[in-house]
Amino acid sequence: MRAFTSFQQITHKAQAVITRFPLAMAAAFASTGIGIVLVHADEPSSYIRILLVLALGFPLFVALTFLGEDRQFEKDKKILANGAAIIFLGAYYLLLPPDIERAEESFIIRYILWAAGFVFLVTFVPFLKKGRDSIIRAFWQFNKVLVYSAILTGVWAGALQAGISIALASIDFLFKIDIPDERYLELWIIIVGIFSTIFFLSRIPRSFQHTFETEKYPEELRLFSTYVLVPLVALYFLILYAYVVRILVMWEWPEGTLAYMILGFSLLGILVYACLYPLREKFSWVRKMGTIFYLALIPQVGMLFWTLWFRISQYGFTENRYFIFVFGLWLLAMALYFLISTKKDIRVIPMTLFGIALLSSFGPWGALRVSARSQTSRLETLLVKNNVLVDGKVQKLTKEVSFDDRKEISAILAYLNRTHGLESIQRWFSVDLSALDEERDPLPQKVVKEFFGIEYVDEWEGGNAPGEYFYFAGEYSDSPLFDISDYDYLTRFAGTIKATTEIEGVNYVFEIDNTKGAFVLRRASDVLAEVDMKSFLDILTEEGGRKNIDQNKMRLEFENQAISFMLYLGHVGGQRGEGGTYQIESLDGMLVFSL
């Protein structure tokens, strides 16, 4: 009887969620069905397009439901708001690229921004009214419920998936009933799409302000924030300030990852401040902590902009650098607001993030357009400098272009093609770039080689300066033709710098010793040979090209009284050291030898 009552309660809650969030649940059910179809689809693009639109619509429909409940919309207003959302999603579907799997990254970036924006909208849309502190307290409690519910939903979903999967695996093993692997994936789709959605939404009460104004601050959150999060944020900022002092004393260029570290630690600090926000009136140390944090944040934002300036001045804007710049401005604005404002309304945090997500997704000020203009301008400067672009038209070069310029040109063209397409540079060409055949070479390589007349350089290829990456690869062949009849044994290197083989119970070790710059051959602990690798790699460097090197140049032979061998390399790569040395990190090839 108790089980039946529990089932009735679950059914009642599910019905209540569907009634309260009809369009959001319709999107969830449809997404689940399409997800299952995708598991078996041979041509997934059309299904992925629908799934993306439904996933985007889910938080939007939830936000509209919250807005309607808060403002007590009449039926006609609800229909109007939901109808506008459906029209927006329909228009977005029509604008999606037909072949979604080959779409430029700009589509993915814009989608992520809109999805993030709609999620932020959910967090504050029921609390748009001005004024009372009670609304801010209710806003805080509401978001606490959202976070707790999301965590609890994840725990339940993981437990369900694990439990049912173990049961299915047991049936498979014990009863010899073949259960295809796809069933486990389908199970996960159903749990995430239906169970998790209903479970999450069922935990959010209807009357936001009345319900949340009277709730107490959770003691476990106070303890966790006070004794774990606050000390961690303090430690992180001490580490950052120590690094800043080191840079100023030694006058070094800051590491590129410093900007990401400052962003991450700053966002964590703001999150901790938001967690402790309701305790400001009860504990004076919370107010002081907030003031100290935001004062300490301002110099770190300055350091972020300094670090970013080095990258932008050298390499221009990309989407990553654009967002670091924008979020740096946002951090500065938040610091000044919470230092100066007497209200200190934490609703501004998700509201401003919502605005940033939407505004940066379109227009000439947006991340995509700013980055495309910046990189196109850099490419134009490089091409004009090397006389590839003359009077606005591309001409094929016959002279040598420096390695650094070739690498920059190749990298920019690859970025534009991958992220935006090549429409921004189409005006420089007399042929339609989109119609070029990519069967043999990808479009960036084809443009660089056939229209610019220079050798394409992959992003992982380095120059000759210390710290640069080097990579040499032999001309591709299924079966390199070398006479190995004079050798008795063979061993292989597969991306490593060491190989071991056993002959008549004795271990033979063949490895690169970077401290000596040599290829060393050992029998147990005895060294049979040491062959200098620098002169060998110097010859490959003089070849100029990094790929498709003559196979005979990729062969190293040696003989002494103890051993004779031939090392054939498919590729060799690593870092260049000081004084023209090499730090080899990867080998691929074979070693044939006789003792």
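Values below: every heavy atom of this structure, side chains too, minus hydrogens, waters and symmetry copies.
The aromatic rings of Phe127 and Phe139 stand perpendicular to each other, their planes meeting at an angle above 60°, with 30° marking the opposite boundary. Phe237 and Tyr241 have tilted rings, their planes meeting at an angle from 30° to 60° on a 0 to 90° scale.
In terms of heavy-atom proximity, Ile298 sits nearest to Ala335 at CG1-CB, 3.9 Å.
Contact check on Arg347 versus Asp345 returns a salt bridge, with a Lys/Arg side-chain nitrogen under 4.0 Å from an Asp/Glu carboxylate oxygen.
Side chains of Leu258 and Leu240 form a contact here, defined as non-hydrogen atoms less than 4.5 Å apart. Under the 4.5 Å side-chain criterion, counting only non-hydrogen atoms from C-beta, Glu104 is not in contact with Asn417.
Of the N and O atoms on the side chains of Glu319 and Tyr415, at least one donor lies less than 3.5 Å from an acceptor on the other residue.
Interatomic distance, CG of Leu263 versus CG of Leu308, reported as 9.5 Å (0.5 Å rounding).
Phe142 pairs in a ring-ring contact (aromatic ring centres under 6.0 Å, His included) with only one of the listed residues (Phe66, Phe124, Tyr148), which is Phe66.
Evaluation of the side-chain hydrogen bond (donor to acceptor under 3.5 Å, both in side chains) test over residues 288-304, restricted to residues two or more places apart or in two chains, returns none.
Residue Gln72 qualifies as open at atom CD: its count of foreign heavy atoms under 6.0 Å is 12 or below. Around CD of Glu74, the count of heavy atoms belonging to other residues, nucleotides or ligands within 6.0 Å does not exceed 12.
By the side chain to side chain donor-acceptor pair (under 3.5 Å) test, Trp188 pairs with no residue at all, sequence neighbours left out.
Remark: Arg49 is positioned above the aromatic ring of Tyr93, its terminal NZ or CZ atom under 6.0 angstrom from the ring centre and at most 45 degrees off the axis.
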